[in-house]
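Working notes for the structure below.
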Amino acid sequence: MPEGHTTHALAWRLNRGYAGSPAAVSSPQGRFAGGAALLDGLMLVDASAWGKHLFVQFEGERWLNVHLGLIGTFSVMPRATRPGGEGIPVPVQGQVRLRLLNEAWVGDLRGPTVCAVVTPEQVGQVQARLGPDPLRPAADPALALRRISLSARPIAELLMDQAVLAGVGNVYRCEVLFRHRVDPFRPGREIRPATWIAIWDDLVALMPLGVAFGQIITMDDQVVDAIQVMAEVADGSAATTSAAVTGARPGDRFERRFYLYRRAGEPCRACGSRVRTQLVAGRNLFWCGRCQRRR
DNA sequence: GCAGAATGACAAG
DNA sequence: TTGTCCTTCTGCG
């Protein structure tokens with residue numbers, strides 16, 4: 001689940017459900033009991049994301065920093081959609097590290113690698129280590145290019161380095177490299193600036209679709225459909241679809257389908273040659289040896 | 001029932 | 001490069 005689109009969608013939902021009023025904060029599992037006590041009853045001021053990091057500001061200069069890691073999930077739902085319903089206690093299922101509760105919403109965090117109460121200074125320190133995030137309005141792709149163009153490391157590795165570029169994970173990197181027919185093993189310094197800008201612009205276009213629909217969408221036919229739905233919602237001609245677009249039921253609108261990701265051995269959708277896979281720095285990389293040949 | 005994987009990141013050697 | 005942490009779900013006996 002968790003690449004940058006997940007974190008940004010979470011920030012959006014947390015703001016919608018909680019911003020401006022106090023939240024009951026607890027740790028049903030107990031492992032965040034101390035931190036929860038520091039936040040319990042405080043007003044939630046604002047939630048925001050930078051790459052895969054989520055920052056939730058509470059009153060009194062207290063911040064919650066969450067990173068989902070590989071397996072974390074943060075379900076933030078209106079209580080009316082949950083068993084029990086509004087006003088009735090929502091049963092805890094499994095290992096819930098953190099629960100955010102108000103009259104109308106319940107948020108359950110499971111399996112994060114980071115869940116901590118931090119100071120504004122610590123928020124700044126975390127953000128200072130992160131590269132530009134294609135989902136943040138003021139993000140500067142030149143900052144990433146500077147590091148890429150100086151590096152001998154393969155571009156597939158650089159795209160996953162959160163200090164170079166924040167928010168991209170294994171799925172987006174694999175798919176975006178294919179979309180631009182870039183050899184994943186090509187050293188950063190051999191990537192032409194124009195190629196990098198094309199990749200960046202593509203991420204700026206693709207990742208908001210991931211935020212809106214709660215799933216990673218990279219295949220052109222689905223991208224076209226998704227943009228169409230977004231446009232209809234924006235001009236009000238499709239009021240009924242807005243719930244889906246805002247992620248009320250994330251992840252089930254589009255068939256889960258990619259160019260390469262998890263398709264090892266199957267035919268490339270463009271040229272038919274076998275999709276290749278290889279463990280790179282402990283993660284499965286997928287690519288097409290013919291379409292993404294070095295030029 | 002249990003191993004293995006999974007959209008991540010870090011430390012140790 | 002390997003091991004470790006976090007949790008849930010799948011597939012295989």
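Predicted model only: the values in this text are computed from it and were never measured. Within every chain, numbering begins at 1; the chains are lettered A, B, ... in the order of the sequence lines, protein sequences first and strands thereafter.
Once rounded to the nearest 0.5 Å, the distance linking CG of A:Leu209 with CZ of A:Arg253 reads 12.0 Å. Expressed to the nearest 0.5 Å, how far CG of A:Asn65 lies from CD of A:Gln57 amounts to 13.0 Å.
Nearest to the side chain of A:Arg110, among C:dC6, B:dA6, C:dT8, sits C:dT8. Side-chain atoms of A:Ile71 lie closest to C:dT7 of the nucleotides C:dT7, B:dA9, B:dT7. Of the candidate nucleotides B:dT7, C:dC6, C:dT8, C:dC6 has the atom nearest to the side chain of A:Thr113. Checking B:dT7, C:dC6, B:dA9 against every side-chain atom of A:Arg31, the shortest atom distance belongs to C:dC6. Listed nucleotides: C:dC6, B:dA6, B:dT7. Nearest to the side chain of A:Val171: B:dT7.
A close approach under 4.0 Å does not occur between any side-chain nitrogen or oxygen of A:Asn170 and OP1 or OP2 of B:dA6. Phosphate proximity of B:dT7 to A:Tyr261: present, with a side-chain N or O under 4.0 Å from OP1 or OP2. For A:Lys52, a side-chain nitrogen or oxygen approaches OP1 or OP2 of B:dA9 to under 4.0 Å. For A:Arg262 and B:dA6, the shortest distance from a side-chain N or O to OP1 or OP2 is below 4.0 Å. A:His5 has no side-chain polar atom (N or O) that falls below the 4.0 Å cut-off from OP1 or OP2 of B:dT7. Dashed line: the shortest gap from a side-chain N or O of A:Gln29 to OP1 or OP2 of C:dT7 is under 4.0 Å.
To the nearest angstrom, P of B:dA6 lies 19 Å from OH of A:Tyr172. As rounded to whole Å, 9 Å separates atom P of B:dA5 from atom CG of A:Asn284. Put simply, CG on A:Leu10 is 19 Å from P on B:dT7, counting in whole angstrom units. Spacing between atom CD of A:Gln95 and atom P of C:dC5 amounts to 15 Å, rounded to whole angstrom units. Atom P of nucleotide B:dT7 and atom NE2 of A:His53 are separated by 18 Å, given to the nearest angstrom. Taking atom CG of A:Leu203 as the reference point, atom P of B:dT7 lies 18 Å away to the nearest angstrom. The CZ-P distance, from A:Phe74 to C:dT8, rounds to 15 Å in whole Å. In this structure, CG of A:Leu260 is placed 14 Å from P of B:dT7, rounded to the nearest angstrom.
Taking the P atoms as reference points, B:dG1 lies 23 Å from C:dC6, given to the whole Å. Rounded to a whole angstrom, the distance from the C1' atom of B:dA9 to that of C:dC9 is 22 Å. The C1' atoms of B:dT7 and C:dT1 are separated by 23 Å, rounded to the nearest whole Å. Taking atom P in both C:dC5 and B:dG13, the straight-line distance is 14 Å, to the nearest Å. With both ends at atom P, the span from C:dT8 to B:dC10 equals 23 Å, rounded to whole Å.
The residues A:Asp161 and A:Arg147 are annotated as not salt-bridged, no charged nitrogen and carboxylate oxygen being separated by less than 4.0 angstrom. Salt-bridge check for A:Asp202 with A:Arg179: passed, with a basic side-chain N closer than 4.0 Å to an acidic carboxylate O. A salt bridge is defined here as a Lys NZ or Arg NE, NH1 or NH2 lying under 4.0 Å from an Asp or Glu carboxylate O, and A:Arg97 with A:Asp108 fails to meet this definition. Between A:Asp221 and A:Arg257, at least one side-chain N (NZ, or NE/NH1/NH2) sits under 4.0 Å from a carboxylate O, which counts as a salt bridge.
If you check every strand for non-hydrogen atoms under 4.0 Å, A:Gly94 touches sugar and phosphate atoms only. A:Arg283 comes within 4.0 angstrom of a base, heavy atoms only.
Checked by distance alone, A:Arg256 brings a side-chain donor or acceptor within 3.5 Å of a matching partner on the base of B:dT7.
Checked against A:His53 for a side chain to side chain contact (heavy atoms under 4.5 Å, CB included), the options A:Thr7, A:Leu130, A:Asp133, A:Val66 give a single hit: A:Leu130.
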